[in-house]
Amino acid sequence: QVQLVESGGGLVQAGGSLRLSCAASGRTFSSYAMGWFRQAPGKERELVAAVSWSGSSTYYADSVKGRFTISRDNAKNTVYLQMNSLKPEDTALYYCAAPHGRSIATMRYEYDYWGQGTQVTVSS
């Protein structure tokens with residue numbers, strides 16, 4: 001069993017930055033990849049970024065490339081999402097999630113464990 005707890009969301013003006021954190025417990029953190037998803041009202045939950053178990057491989061959705069950076073600190077059992085140049089369309093509930101394998105997972109069904117989410121609101 002894996003427990004995931006997100007933090008760092010909030011209200012920010014367009015062009016601003018936020019850093020989300022996700023603390024994991026319950027299983028060896030370095031044994032699995034991690035991902036960040038988001039879901040806006042009325043929209044499907046979508047993968048924003050993912051990172052392999054070592055942090056050496058990453059994936060980004062086209063909509064956030066060049067603005068968001070995913071990273072992890074295996075010593076702290078934590079994964080981060082640095083979000084820069086935020087836009088109003090980035091407004092959503094952001095979830096961290098853990099798949100069952102070490103490699104990057106890009107499909108929602110590959111993720112077994114989910115946090116409760118942290119709200120990000122970007123004002124124009």
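Among all heavy-atom pairs drawn from A14 and S124, the shortest one is CB-CA, 4.4 Å. The two residues S17 and N84 come nearest to each other via the heavy atoms OG-OD1, 2.9 Å. Pairing each heavy atom of L4 with each of V2, the nearest pair is CD2-CG1, 3.7 Å. Listed here is the closest heavy atom pair of G115 and Y95: O-CD2, 3.5 Å.
In this structure, F29 and M34 have side chains that are in contact, with non-hydrogen atoms separated by less than 4.5 Å. Using a 4.5 Å heavy-atom threshold, the side chains of D90 and R38 count as touching. Counting heavy atoms from C-beta outward, R45 and R108 have side chains that approach closer than 4.5 Å. Counting only heavy atoms from C-beta outward, the side chains of L20 and Y80 never approach each other to under 4.5 Å. At a threshold of 4.5 Å between non-hydrogen side-chain atoms, the residues M83 and Y94 count as touching. Residues V51 and W36 form no side-chain contact, since every pair of their non-hydrogen atoms from C-beta on lies 4.5 Å or further apart. The side-chain heavy atoms of R27 and Y32, taken from C-beta on, include a pair separated by under 4.5 Å.
The hydrophobic cluster containing L47 does not contain V120, counting ILVMFWY residues as joined when their side-chain heavy atoms lie under 4.5 angstrom apart, directly or transitively. Y59 and W53 are members of different hydrophobic clusters when ILVMFWY side chains are connected at heavy-atom separations under 4.5 Å.
A distance-only check finds a donor-acceptor pair linking the side chain of E6 to the backbone of Q116 [under 3.5 Å]. When atom types are taken as modelled, the side chain of T121 and the backbone of L11 share no donor-acceptor pair closer than 3.5 angstrom. With hydrogens and angles disregarded, a donor-acceptor distance shorter than 3.5 Å links the side chain of Y111 to the backbone of A105. One N or O on the side chain of T91 and one on the backbone of V122 form a donor-acceptor pair closer than 3.5 Å. Side chain of R72 to main chain of S52: a donor-acceptor pair is present (N/O by atom type, distance under 3.5 Å, no hydrogens or angles).
Rounding to the nearest 0.5 angstrom, the gap separating the NE2 atom in H100 from the OH atom in Y113 is 10.5 Å. One finds the NZ atom of K43 at 8.5 Å from the CD atom of E89 (value rounded to the nearest 0.5 Å). Taken to the nearest 0.5 Å, the OG1 atom of T69 stands 11.0 Å off from the CZ atom of R67. Q82 CD to I70 CD1: the interatomic distance, rounded to the nearest 0.5 Å, is 12.0 Å.
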Could you go through the ring pair (Phe, Tyr, Trp, His ring centres under 6.0 Å) check for F37 and W114 one step at a time? CA-CA 10 Å; F37 286 75; W114 297 82; 4.7 Å; yes

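Residues in residues 13-111 take part in these disulfide (SG to SG under 2.5 Å) pairs, two or more places apart or across chains: C22-C96.
Ion pairing between a basic and an acidic side chain is recognised when a charged N comes within 4.0 Å of a carboxylate O; K65 and D62 show such pairing.
Between S30 and T28, the side chains place no donor N or O within less than 3.5 Å of an acceptor N or O (distance only, hydrogens not considered).
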